[in-house]
Asker: 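Please read through the structure below; I'll follow up with questions.
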Amino acid sequence: MRVVSGIKPTGNLHLGNYLGAVKQWVAMQDEVQAAGGETMYFIADLHGLTEFIPPAELTANTLEMTATLVAAGIDPSRSILFNQARVPAHSELAWLLNNVARVGWLNRMTQFKDKAGKNREGASVGLYDYPVLMAADVLLYNATHVPVGEDQKQHLELARDIATKFNTDYETELFTLPEPLVSGAAPRIMSLRDAGSKMSKSNPSAQSVVKLVDSDETIADKFRKAKTDPDLLPDSWDALEGRAEAKNLLTIYAALADRKPAEVLAEFAGKGFGQFKPALADLAVATLGPIRNEMLRLMADRAAIDAILRDGAARARDLAAPLLSRAQAAMGLVL
Ligand code: TYM
């Protein structure tokens, strides 16, 4: 088993990333290693370039994201933790795979359509090609499992299509088909202001997204002001039909508490949000506050963070080299 996953440094970690992906990364570190497997996590700084970020901000975000991942429980002595740009094989394999992926496949990617919006002509070529680099990220290491939130599932299905076509066209069994693991407790956390859209860094309302750098007061305030409805909480999940905000907050509570949503609902059945929201705010502060404090402590030593990334990249380069060579050879490149 080889687990590989990444996160873009386009801002700091938010609750959606944490509950949808990173919490699962931390848990897998123990499970996978107990079974003799390997876990690799990276900061997708090359993907960060697909939408313009001022360079100094990208650098700062990459370091801060590394510190946050370590603070959240990714242990660089047990997992390979690195930034994508330091392992050129990602870009090299992406170019090879560009010639396998089809334009029609990329045209179906919903993330590109959402991000480019009406301004398709003005989107970067990188934004369009983004899923091919993502395929390279996982195929390069023969990843067997890729833990992600729901929004990345389509990209991983594309990675499987690319791997299958490469293996067929070049008559090889080089690439392993990666399995997307969308099995975290909260694969799709929604905005706190509008449960119709997912929690994301690009949401225009700062109140809608809880960041792991937020102070205790800010975290509590965002939950207290989260949009809800005037009804009491019912005692069954089915009775929440049509109450998307309530479902979202209960999902967040359950994921933070490592409990089943039905169990949390049973505890709060018959109570209103006036009681539930303060309890959720307290739980979030108690869970996220220590991660933020540890992240701030780590950020004080930039050289140590850089050393983690350098060491991780050296290990990743060693793992990547043989597969890249085999892909080049399979395609007939003279090297
Ligand atoms: P990114 O940086 O947008 O998000 C990182 C992870 O967080 C998950 N996520 C969410 N989960 C639940 N609810 C939400 N509201 C929410 N928002 C984000 C994402 O699904 C993701 O798992 N393309 C990837 C980064 C990447 C990657 C890879 C991932 C690059 N190469 C290879 C896996 C394998 C991305 O933009 O994630």
Side-chain angles (χ1 to χ4, degrees), residues 2-26 28 39-51 53 58 61-62 64-65 68-69 72 74 82-85 87 90-91 93-94 97 109-112 114-115 126-127 129-160 162-163 178-203 208-212 244 247-248 251-252 255-256 316:
R2 185 176 278 164
V3 172
V4 179
S5 198
I7 184 162
K8 273 186 317 228
T10 43
N12 197 264
L13 204 68
H14 62 70
L15 191 65
N17 303 138
Y18 178 62
L19 295 179
V22 174
K23 203 166 183 257
Q24 203 185 353
W25 295 3
V26 174
M28 294 194 84
T39 44
M40 305 181 70
Y41 302 120
F42 63 93
I43 320 291
D45 45 6
L46 297 175
H47 280 107
L49 297 174
T50 59
E51 290 173 271
I53 309 181
L58 181 63
N61 286 348
T62 299
E64 198 176 89
M65 184 62 81
T68 311
L69 292 178
I74 301 297
F82 63 103
N83 61 307
Q84 195 187 24
V87 186
H90 288 245
S91 308
L93 181 61
L97 300 181
M109 295 294 115
T110 56
Q111 180 172 296
F112 176 73
D114 289 348
K115 293 212 169 199
L127 188 67
D129 199 30
Y130 181 117
V132 179
L133 177 60
M134 194 166 150
D137 294 337
V138 294
L139 298 181
L140 188 57
Y141 303 105
N142 272 331
T144 54
H145 297 85
V146 186
V148 286
E150 207 171 75
D151 61 342
Q152 296 302 316
K153 202 170 164 205
Q154 192 187 34
H155 288 159
L156 290 167
E157 279 157 8
L158 181 89
R160 293 170 64 91
I162 293 175
E179 198 70 55
L181 285 183
V182 190
S183 51
R188 192 168 171 82
I189 295 290
M190 310 310 282
S191 147
L192 297 186
R193 306 301 302 169
D194 162 23
S197 61
K198 74 173 180 190
M199 185 177 284
S200 115
K201 304 170 244 218
S202 51
N203 197 297
S208 75
V209 36
V210 173
K211 297 186 188 148
L212 271 84
K247 274 189 184 173
N248 190 39
T251 304
I252 292 174
L256 284 171

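Just follow the structure's listing: the first ligand is 1, and inside any ligand the first atom is 1.
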Asker: For ligand 1, find out whether one of its N or O atoms is nearer than 3.5 Å to an N or O atom of Gly16.
Answerer: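 It does: an N or O of Gly16 is found under 3.5 Å from an N or O of ligand 1.
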Asker: Using a plain distance cutoff, I'd like to know if Asp137 has any nitrogen or oxygen under 3.5 Å from a nitrogen or oxygen of ligand 1.
Answerer: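 Yes.
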Asker: Checking the N or O distance criterion of under 3.5 Å, is ligand 1 in contact with Val146?
Answerer: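 No, since none of the N or O atoms of Val146 sits under 3.5 Å from an N or O of ligand 1.
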Asker: For the residue pair Leu181 and Gln24, establish whether any side-chain heavy-atom pair is separated by less than 4.5 Å.
Answerer: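 Of all side-chain heavy-atom pairs linking Gln24 with Leu181, at least one is under 4.5 Å.
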Asker: What about Lys198: any of its N or O atoms under 3.5 Å from an N or O on ligand 1?
Answerer: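 Between Lys198 and ligand 1, no N or O pair is found under 3.5 Å apart.
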Asker: Does the side-chain hydrogen bond (donor to acceptor under 3.5 Å, both in side chains) test come out yes or no for Ser208 and Asp194, once each step is laid out?
Answerer: CA-CA 8 Å; Ser208 75; Asp194 162 23; over 6 Å; no
Asker: Measure the distance from atom 35 (C) of ligand 1 to every protein heavy atom, then report the residue, atom name and distance (to 0.1 Å) of the closest one.
Answerer: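 Going atom by atom, the protein heavy atom closest to atom 35 (C) of ligand 1 ends up being Tyr130 OH, 3.4 Å.
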Asker: What do you reckon, does Ser5 have a nitrogen or oxygen under 3.5 Å from a nitrogen or oxygen of ligand 1?
Answerer: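 Min N/O separation from ligand 1 is not below 3.5 Å for Ser5.
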Asker: Indicate yes or no: does an N/O atom of Ala186 lie under 3.5 Å from an N/O atom of ligand 1?
Answerer: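 Between Ala186 and ligand 1 (N or O atoms, distance only) the closest approach is not under 3.5 Å.
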Asker: Around atom 25 (C) of ligand 1, find the nearest protein heavy atom and jot down its residue, atom name and distance.
Answerer: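 Ranked first by proximity to atom 25 (C) of ligand 1 is Gly6 O, 3.5 Å.
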Asker: Taking distance alone, with N or O pairs closer than 3.5 Å, would you say Ala44 contacts ligand 1?
Answerer: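 Looking only at distances, the answer is no, because the N/O contact criterion of under 3.5 Å is not met.
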Asker: Contact between Asn83 and Phe42 at the side-chain level, heavy atoms closer than 4.5 Å - yes or no?
Answerer: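 Not touching, per the 4.5 Å side-chain cut-off.
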Asker: Would you say Gln84 and ligand 1 have an N/O pair spaced under 3.5 Å apart?
Answerer: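 No; every N/O pair is 3.5 Å or more apart.
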Asker: Would you mind checking which non-hydrogen protein atom is closest to atom 6 (C) of ligand 1, with the distance to 0.1 Å?
Answerer: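 For atom 6 (C) of ligand 1, the nearest protein heavy atom comes out as Ala21 CB, 3.7 Å.
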Asker: Is a side-chain donor-acceptor pair under 3.5 Å present for Thr144 with Glu179?
Answerer: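 Side-chain D/A pair, Glu179 to Thr144: absent.
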Asker: Based purely on interatomic distance, does Glu150 place a nitrogen or oxygen under 3.5 Å from a nitrogen or oxygen of ligand 1?
Answerer: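 Between Glu150 and ligand 1 (N or O atoms, distance only) the closest approach is not under 3.5 Å.
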Asker: Apply side-chain hydrogen bond (donor to acceptor under 3.5 Å, both in side chains) to the pair Gln111 and Asp151, showing each step before the final yes or no.
Answerer: CA-CA 8 Å; Gln111 180 172 296; Asp151 61 342; over 6 Å; no
Asker: Does ligand 1 have an atom under 4.0 Å from some heavy atom of Ser200?
Answerer: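 Per 4.0 Å heavy-atom rule, Ser200 does not contact ligand 1.
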Asker: In terms of the angle between their ring planes, are Tyr41 and Trp25 parallel, tilted or perpendicular, with boundaries placed at 30° and 60°?
Answerer: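 Correct class here is parallel.
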Asker: Looking only at distances, please establish whether an N/O atom of ligand 1 is found under 3.5 Å from an N/O atom of Lys8.
Answerer: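 Such a contact does occur with ligand 1.
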Asker: Can you tell if the side chain of Leu158 reaches within under 4.5 Å of the side chain of Met109, non-hydrogen atoms only?
Answerer: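 When only atoms from C-beta onward are counted, Met109 and Leu158 do touch, with a gap below 4.5 Å.
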